[in-house]
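Here's the structure we're looking at; comments come further down.
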Amino acid sequence: MWFSPLTPHWSCSTMRLSQMIGSRYKERPAEAVLDSHAFLLRGGYMRQVANGIYSLLTPGLRVAQKIETLIREEMNRIGGQEVLMPLVLPRELWDESGRYETIGPELLRFADRTGHDMLLGMTHEEAVVALCRNEVKSHAQLPFMVYQIQTKFRDEARSRGGLIRVREFTMKDAYSFHTSQEDLERYYDVCYDAYNRIFARAGLPEVTPVESDTGMMGGQIAHEFILLADCGEDTIAVCGSCSYRANMEVAEGRIEAYPEDALPLEKIHTPGMKTIEEVAGFIDVEPRQTAKVVFYQNDADGKLVLALIRGDLEVNEAKVAKQIKTLPVPATEAQIEAVGAVAGFATPMGLDTAKVRIIADETVAASNNLVCGANEVDYHYKNFNLGRDLPGVAACDIAEVADGAGCTRCAGTLNLRRGIEVGNIFQLGTKYCTAMNMSYTDAAGKMQTPIMGCYGIGVGRLAASVIEARHDKFGPQWPISIAPWQVHINALKVDDPIRETADALYADLCAAGIEAIYDDRNASPGVQFAEADLLGVPIRIIVSKRNLDNGELEFKRRDTGEKGTIPREGAIATIQGWIHDALTALKPGTREAINS
RNA sequence: CGGGGCGUAGCGCAGUCCGGUUUAGCGCACCUGCUUUGGGAGCAGGGGGUCGCCGGUUCGAAUCCGGCCGCCCCGACCA
């Protein structure tokens, strides 16, 4: 019958390749730079609609749904309640938190037909607080966690790399509410474990938590879950000896001290020597024996900022941002001159602290007799000592960790690696609940503000990350937990017995609840194998005359590389066993869930 | 937002400098038929394009000029 190919779809999650929309192709798309991007397009997982915006075809959607299911199971396991908040939100909610003003153009704002200002949610703190403040009134309802798997939109200045960095994406975002910081910290650890389980079950046990900046989210403690990969956009400091791992934004390196007896300041002629290298070479000292000055336009109070750091190090602007409570913007020469400093020969000494905020790195405090500028063209000072020469200035950490720096936790060495952020967790504190008036009544009858945490995972980015970490030159090698199908059937040199056997195998797998894709086309083996590789299904079963004459089927494992033959008789049970074993191998040991 | 590259069939590309046998072409993919079948088969036939868009120059524009748009990469930016 002409409609018969559709029939199987109604009853089970299997697919005949001859009917599947979306072709796989041989040539690598020109716009793909990353392997994951190339395979997602070549394998017919997705198609681009606009910059950073994609449609998913069946294989891509199935991978996403598998990941979502897995996340759901782990969120539910730690007591999460699934909800669904809207993508489109009214401006008023974001006015309440203040983020309508503070967030830049990555927040897509628009007006509806009545002229009402609306926005596309890029995260849902405001929405979740607005929802929960009306539902939660008593301490007896706390703690709780709600989560959703929902579309987010961020109008990124530059999306790139296929699904690694997009504008529209699906994200699992979870929000927990607590009556104490201790309880937040307890649950934060529960989430931390749940995240490790999620990534392990998705086939990426190597994803590791790293300490990270809280950025505009506020709060004190945050971790990013990072897959180390050269194509990643984050730089991570990794200790070679202990477990310390931190995003560059917060990574701390060991401070090497170079104590000497302080010598008197000495002004020296340094004609045309502006850079650290020039000055150090001219005076014949190491760069670490100098102090470098970097100017920023203003701190939160409008003062010019002078950042002082040892000459061999760089200033980390994320750390500066924390000190000055605003984003650092490099100062212009005119701004520098206006406070009496001289670019290239600058020193904090003698500047008016009413106009200039001086922040000094701890490394400067840990060295004596440094060379620094004199605020006079062609002159520097020798023997600058922070404690003696700038007595009011306390040292803080504004240094960018350099590759090879010492670890602060052990005797080891830090190395800088690139990584993809596939998830993050934040201890938010009371920022949103306070701003948006969420409160509950405690046991003593007193009004209290809940303490909040939030926890995100990007679904598509995780899928792409798995490809980055698990592929060969032919295509993805999906872990069975998130593979679009569990079994891929190839029928070669199709004649009646082969067709009947393959059809029956497909029907049997379907009846057993196994997710199978069946290449029922009369395509050559080369085509079938190449396209099977692109779909990356872990268990491949090949029905061919060669083995069928012996009553056998051939198998090839894309996830492990094993291959061989199995008897047709009992094949379903064999395959079920493989699936069970493969899923079990991915599952970490069970642990206590939150409410137990 | 700055720098660079690119827009010709679903994908990969040639043609653009130097305007005119180009009715705009090649490979893959697609359709029909036959032959094939263990790693992207062969033969024959066929379909698919407003050459990114708008305007200009010219007898004539994929090709030259102006404007715009889109995509990719690097940087800036970034829960």
Side-chain angles (χ1 to χ4, degrees), chain A residues 21-34 37-38 41-44 47-53 57 97 99 102-107 121-126 152 154-162 164-167 169 171-175 212-219 222-225 231 233-234 247 249 317-318 321 327-330 421-428 431-432 453-458 461 472-475 490-495 498 519 521-534 540 542-548 554 556 563:
Chain A
I21 297 303
S23 57
R24 290 145 302 286
Y25 44 80
K26 199 190 301 189
E27 281 165 305
R28 186 185 178 102
E31 73 258 30
V33 173
L34 302 187
H37 189 189
L41 292 171
R42 282 188 57 203
R47 297 289 181 245
Q48 182 167 21
V49 175
N51 175 283
I53 300 177
L57 288 153
S97 70
R99 291 207 293 185
T102 59
I103 292 193
E106 62 268 26
L107 177 63
M122 51 191 284
T123 173
H124 280 75
E125 282 75 20
E126 287 83 358
K152 299 278 182 283
R154 293 180 195 171
D155 200 356
E156 296 279 359
R158 189 176 151 219
S159 56
R160 70 192 95 166
I164 293 292
R165 184 175 182 81
V166 289
R167 294 197 292 169
F169 57 101
M171 184 172 179
K172 184 285 297 176
D173 47 322
Y175 307 89
S212 68
D213 193 22
T214 51
M216 70 167 177
M217 297 299 298
H223 287 83
E224 291 170 348
F225 286 75
C231 68
E233 306 188 276
D234 290 2
N247 192 301
E249 293 164 343
E317 295 190 352
L327 283 181
V329 179
E421 177 188 354
V422 289
N424 53 34
I425 56 179
F426 290 85
Q427 293 184 18
L428 284 181
K431 174 178 172 178
Y432 295 93
C454 74
Y455 320 90
I457 293 177
R461 182 182 281 184
D472 59 17
K473 63 190 270 204
F474 303 109
N490 290 114
L492 301 187
K493 279 203 262 189
V494 180
D495 58 12
I498 287 170
D519 193 342
R521 303 169 303 172
N522 192 11
S524 71
V527 172
Q528 288 204 22
F529 293 150
E531 297 198 1
D533 289 342
L534 284 170
R540 184 178 309 172
I542 301 153
V543 184
S544 70
K545 188 156 176 51
R546 183 189 289 182
N547 299 298
L548 194 57
E554 187 178 337
K556 182 174 180 186
K563 52 186 171 183

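Chain identifiers are assigned alphabetically (A, B, ...) following the order of the sequence lines, protein sequences preceding nucleic acid strands; residue numbering begins at 1 within each chain.
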| request: Could you check whether A:Asn51 gets within reach of a base, just the sugar-phosphate, or nothing at all, counting any heavy atom under 4.0 Å? | output: sugar-phosphate

| query | Mind checking the C1' distance from B:G42 to B:U37? Whole angstroms is fine. | reply | 12 Å

| message | Distance check, C1' atoms only: B:G48 and B:A9, in whole angstrom units. | response | 6 Å

| request: Look at all strands and tell whether A:Glu554 reaches a base, only sugar-phosphate, or nothing, counting heavy atoms closer than 4.0 Å. | output: base

| task | Under 4.0 Å between any heavy atoms, over every strand shown, what does A:Ala523 touch: base, sugar-phosphate, or nothing? Just pick one. | result | base

| query | With a non-hydrogen cut-off below 4.0 angstrom, is A:Lys556 in contact with a base, only sugar-phosphate, or nothing? | reply | base

| task | For the residue pair A:Asn424 and A:Glu224, confirm or rule out a side-chain donor-acceptor distance under 3.5 Å. | result | no

| Looking at B:G40, B:C77, B:G38, which one has an atom nearest to any side-chain atom of A:Arg160? | B:C77

| Taking 4.0 angstrom as the limit, do A:Arg42 and A:Asp533 come out as a salt bridge? | no

| said: Checking the side chain of A:Arg461 only, and the main-chain atoms of A:Val166 only, is there a donor and an acceptor separated by less than 3.5 Å? | reply: no

| task | Have a look at A:Arg461 and say if it touches a base, only the backbone sugar-phosphate, or nothing, with a 4.0 Å heavy-atom cut-off. | result | nothing

| Under 4.0 Å protein heavy-atom contacts per nucleotide of nucleotides 10-16 of chain B, with B for base, S for backbone only and - for none | -BSS---

| Touch check for A:Val33, heavy atoms < 4.0 angstrom, all strands: base, sugar-phosphate only, or nothing? | sugar-phosphate

| So what does A:Asp173 hit on the nucleic acid, given a heavy-atom distance under 4.0 Å: a base, only sugar-phosphate, or nothing? | nothing

| task | Give one of base, sugar-phosphate or nothing for A:Ile53, where a contact means two heavy atoms less than 4.0 Å apart. | result | nothing

| query | Across the strands shown, which category fits A:Asp155 at heavy-atom distances under 4.0 angstrom: base, sugar-phosphate, nothing? | reply | nothing

| request: With the side chain counted from C-beta on, respond yes when A:Glu421 and A:Asn247 share a heavy-atom pair under 4.5 Å apart, and no when they do not. | output: no

| Checking all strands, does A:Gly52 fall into the base, sugar-phosphate, or nothing category for heavy-atom contacts under 4.0 angstrom? | nothing

| said: Regarding B:C78, can its base be found pairing with the side chain of A:Arg165 as donor and acceptor, where the two atoms are less than 3.5 Å apart? | reply: yes

| message | Distance check, C1' atoms only: B:U50 and B:A24, in whole angstrom units. | response | 13 Å

| Options B:C78, B:U37, B:G40, nucleotide nearest the side-chain atoms of A:Asn522 | B:U37

| said: Please tell me if A:Gln48 has a side-chain N or O lying less than 4.0 Å from either OP1 or OP2 of B:C72. | reply: yes

